[in-house]
Number of protein chains: 2
Amino acid sequence: MNDIYDPLLNYISNRIKVNEKDCQIIKESFTPKTIEKKELLFKQGGVCTTTSFILKGSMRMFYLDKKGLEHVLYFGFPDWWVSDIGSFYQHTPSLLNGQALERTELLISTYDKMEELFTEVPALERLFRVITQKNLAALQQRFLSTVSETADQRYLKLLKRAPNIEQLVPQHQIASYLGILPESFSRLKRQLHSK
Amino acid sequence: MNDIYDPLLNYISNRIKVNEKDCQIIKESFTPKTIEKKELLFKQGGVCTTTSFILKGSMRMFYLDKKGLEHVLYFGFPDWWVSDIGSFYQHTPSLLNGQALERTELLISTYDKMEELFTEVPALERLFRVITQKNLAALQQRFLSTVSETADQRYLKLLKRAPNIEQLVPQHQIASYLGILPESFSRLKRQLHSK
DNA sequence: CAAAACCATTGATCTATGTTAAGATTTCAC
DNA sequence: GTGAAATCTTAACATAGATCAATGGTTTTG
């Protein structure tokens, strides 16, 4: 009754109506996997063939640019979906690295299994449309915030949205998420404190 | 046989299988509308209650920041969908203004009609999931390009992707899309030409 | 058709953040 | 447990792009 799939089934049944049979199909579409700290679930340049639901742990999805700098696109925590969505659905090279920030437990699925799942459980097709729309809306906000506000304004906003973020991930990852270097982040915090 | 809905029905039937009845339902879900140059289809701060398919003309979706600067999130041309997706689906205040760059003809629909449409024509639910996923993937790329590249690199990339963009929209709109001011854009082009 | 509004360009200066370098502290691996 | 690696901080300097201001050209509008 209490197994490893429960967080996923709870996540789904909190959002859409599913019956016993749907749950069975869902369970059969996902495989448990554990990755160690620093291990990559998917790699920039390769095709990201998985989409995963985080059970435990934390991850960062980041892009390594031509100058060798890393840019965190988003973090992943329990109940989050992680993937390079462009690579996953269009079978193109991934822009992102999906890396565990600590030992992380996942339920992973593949493109074919997900498409099959959407056909067999149409309510899930709807759920994923809605999730993707919310992600798009959130990224639009983040993009506009990035082009119109300074790093300290973005930092204060982040703290409001995720007050415990500083406990969850190291500072230089937060800097990278904010789009600045650790040195600038240090400076920024000092200036904020001196007020 | 040849009516105002044809571009939309072509757009859809090029992507999914629809029968005669589906087409009828689709037509009933959209209303033609024409807006004049500079007119706003939806306004920042208000709820964006429409999602629209562009038949003819062009638009820009932009955010007006606290300092009074405008930031173009995207342009819209024939066969594009325009809306503030967050506002539309979550009934929250829109971040964006949707403005016509010239006289523009649209087919517009509402939240309730779209949700009904998705229920009556499930293949459309799938189509919109896929469109949204592609938009999300494209915005991720744009975001990463914005935080990792200089304005001239982004400009050259834009020219590759949309070589005729300079004919379609005025320069200061392109500057705004690139995330810089018209003055910086002028200078940037001069520097590129002097090589 | 003329006045007004808008648009592109240039130059001088300013500012947020990057760059480089160094030292202090914490964490990790053998 | 100890040395190596990773992390955080500070400081001096560099730079992309913003800001402010002025000019001439173009479109819009009454």
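Lettering follows sequence order; numbering is per chain, from 1.
- Looking at A:Ser109, its side chain does come within 3.5 Å of a backbone N or O of A:Ser29 through a donor-acceptor pair.
- In summary, the side chains of A:Gln153 and A:Thr150 do present a donor paired with an acceptor at a separation below 3.5 Å, with no hydrogens or angles considered.
- A 4.5 Å side-chain heavy-atom check between A:Ile174 and A:Lys189 finds every atom pair outside the cut-off.
- A donor-acceptor pair shorter than 3.5 Å cannot be found between the side chains of B:Ser148 and A:Asp65.
- At whole-Å resolution of the value, CZ in A:Phe185 and C1' in D:dA11 are 19 Å apart.
- Rounded to 10 degrees, the angle separating the terminal axes of the helix from C:dC1-D:dG30 to C:dC30-D:dG1 is 60°, with each axis obtained from five end pairs.
- For the pair A:Gln153 CD and C:dA16 P, the computed distance is 10 Å after rounding to whole Å.
- Ring planes of A:Tyr177 and A:Phe75: parallel class, angle under 30° (limits at 30 and 60°).
- Between B:Gln171 atom CD and C:dC6 atom P the separation is 18 Å, expressed in whole Å.
- Summarising the geometry, the separation between CG on B:Leu188 and P on D:dA18 is reported as 10 Å, rounded to the nearest angstrom.
- Rounded to whole Å, the distance from CD on B:Gln191 to C1' on C:dT9 is 13 Å.
- When the nucleotides D:dA11, D:dT9, C:dG11 are ranked by their closest atom to the side chain of A:Arg190, D:dA11 comes out on top.
- With respect to A:Lys37 and A:Glu102, no salt bridge is recorded, no charged nitrogen being found less than 4.0 Å from a carboxylate O.
- The separation between A:His172 atom NE2 and C:dT25 atom C1' is 15 Å, rounded to whole Å.
- Proximity of B:Leu101 to B:Gln173: side-chain heavy atoms (C-beta onward) are separated by under 4.5 Å at one or more points.
- Side-chain proximity of A:Ile180 to the nucleotides C:dT9, C:dT17, D:dG17 is greatest for C:dT17.
- The CG-P distance, from A:Leu178 to C:dT17, rounds to 10 Å in whole Å.
- If you check every strand for non-hydrogen atoms under 4.0 Å, A:Thr150 touches sugar and phosphate atoms only.
- A distance-only check finds a donor-acceptor pair linking the side chain of A:Ser87 to the backbone of A:Thr92 [under 3.5 Å].
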message: How would you summarise protein contacts on nucleotides 19-28 of chain D per nucleotide, using B for base, S for sugar-phosphate only and - for none, with heavy-atom distances below 4.0 Å?
response: BB-------S
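- Atom-to-atom, CD of A:Gln173 to C1' of D:dA6 comes out at 12 Å; the value is rounded to the nearest Å.
- Taking only side-chain nitrogens and oxygens, B:Lys189 never comes nearer than 4.0 Å to OP1 or OP2 of C:dA8.
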